[in-house]
Asker: 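Sharing a structure below in structure tokens format, with a few things to ask.
Numbering starts at 1 and runs along the sequence shown.
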Amino acid sequence: MARVGMLAVCDLLPAVPLLLIDLDNTLVDRDAAFRRAVSDFLAEHGLPASDLSWVMDRDASGYAARRELAAALTGRYGSAVSTSAVRDLLDTGVARHVVLAHDTREALGLAQADGWTCVIVTNGRTAQQEAKIRSTGLDRLVQGWAVSEAVGSKKPEPDIFRAAAARVGAPLADAWIIGDSPQADIAGANALGLRSVWVADGRPWTQDSYRPTHTAHDVASAIHLAIGTPS
């Protein structure tokens, strides 16, 4: 009951411009970071460099369950790679290699200067996602974040977006959602009746039942579209 009451109070607050932004492959290029981590992993253990594509395919841009990916790696490499090495790759590999693009940093700064509150909304494990946020300096550029493991709800479920708004004491009604996933981000926005920007990165939109408010090539352009300034 207390949690419901807190959310109800937030919904009655004066309108605060709110951007709810995805982390992996939106604010940061998670796939590029994982690719670099896997390349290092293969080289360190004397494994074929050609296995890079095999690992990336099974990772499925981070959507593969960690336990299943760990089992696939262990099954393929057996005693050639220790369990701790596989665990290190999956737990810290991305955080060691992920970077924040300059234009993304500038766009976030512009949004905040224009009075917007920026909150990261991401599926994943808390320790792993917070390591990326802190290693890139995003913790100093946003007002908060909501990670599915900590919240107990994952995108596109409404509760994770509500929790993100509640973290910063902002109403959800006028928020924008920015993300690269049609299913997790844009469907989540659609279910809540919120405006959205899909980070397409050259991909065509294929969903028939819902559409984003805008489409952008990258997250910096998406932020500019949401806050209404030219990119």
Side-chain angles (χ1 to χ4, degrees), residues 2-4 6-7 10-11 18-34 37 58-71 87 89-98 100 104 108 117-139 141-173 175-199 207 210 212 219 222-223:
R3 182 169 177 271
V4 174
M6 177 181 68
L7 294 177
C10 289
D11 288 340
L18 180 63
L19 290 181
L20 303 178
I21 313 176
D22 174 53
L23 178 63
D24 290 329
N25 294 322
T26 298
L27 282 169
V28 297
D29 192 338
R30 182 264 175 203
D31 285 353
F34 187 64
R58 276 144 189 82
D59 172 64
S61 293
Y63 285 101
R66 179 190 180 280
R67 180 171 52 189
E68 293 175 2
L69 182 56
R87 183 167 56 245
L89 169 66
L90 301 184
D91 288 349
T92 66
V94 172
R96 287 198 303 267
H97 291 84
V98 74
L100 185 66
T104 303
L108 286 170
T117 296
C118 302
V119 182
I120 296 171
V121 186
T122 177
N123 290 345
R125 289 176 293 129
T126 304
Q128 189 178 57
Q129 300 304 80
E130 288 189 347
K132 298 174 197 173
I133 291 169
R134 292 193 170 93
S135 69
T136 55
L138 278 166
D139 58 324
L141 295 169
V142 300
Q143 283 66 61
W145 53 83
V147 183
S148 62
E149 182 182 61
V151 172
S153 172
K154 65 181 181 179
K155 299 183 293 184
E157 296 165 1
D159 279 354
I160 189 170
F161 298 107
R162 292 173 180 144
R167 291 274 168 91
V168 293
L172 188 60
W176 283 81
I177 293 178
I178 296 174
D180 72 299
S181 171
Q183 294 77 25
D185 301 307
I186 309 307
N190 182 70
L192 287 163
L194 301 178
R195 294 166 293 178
S196 62
V197 186
W198 179 50
V199 179
Q207 303 297 321
Y210 59 91
V219 68
I223 292 170

Asker: Would you indicate whether the side-chain heavy atoms of Pro182 and Trp198 approach each other to under 4.5 Å?
Answerer: yes
Asker: If we ignore angles and hydrogens, is there a donor and acceptor under 3.5 Å between the side chains of Asp180 and Asn25?
Answerer: no
Asker: Can Gln129 and Thr122 be counted as having a side-chain donor-acceptor contact under 3.5 angstrom?
Answerer: yes
Asker: Are Glu149 and Asn123 linked by a side-chain donor-acceptor pair shorter than 3.5 Å?
Answerer: no
Asker: Distance only, no hydrogens: is a donor on one side chain within 3.5 Å (strictly under) of an acceptor on the other, for Ser153 and Glu157?
Answerer: yes
Asker: Restricting to non-hydrogen atoms, name the atom on Arg167 and the atom on Trp145 that form the minimum distance, rounded to 0.1 Å.
Answerer: NH1-O, 2.8 Å
Asker: Quick one: closest heavy-atom pair of Val199 and Ala222, and the distance?
Answerer: CG2-CB, 4.1 Å
Asker: Taking all heavy atoms of Ala64 and all of Ala60, pick out the closest pair and write down the distance.
Answerer: N-CB, 4.1 Å
Asker: For the salt bridge (Lys or Arg N to Asp or Glu O under 4.0 Å) test, which of Lys132, Arg66, Arg96 pairs with Asp91?
Answerer: Arg66
Asker: List the atom of Val98, the atom of Asp29, and the distance in Å for their closest heavy-atom pair.
Answerer: CG2-O, 4.5 Å
Asker: Tell me whether Lys155 contacts the main-chain N or O of Val121 through its side chain, where contact means a donor paired with an acceptor under 3.5 Å.
Answerer: yes
Asker: Return yes when atom CD of Gln183 has more than 12 non-hydrogen atoms of other residues, nucleotides or ligands closer than 6.0 Å, and no otherwise.
Answerer: yes
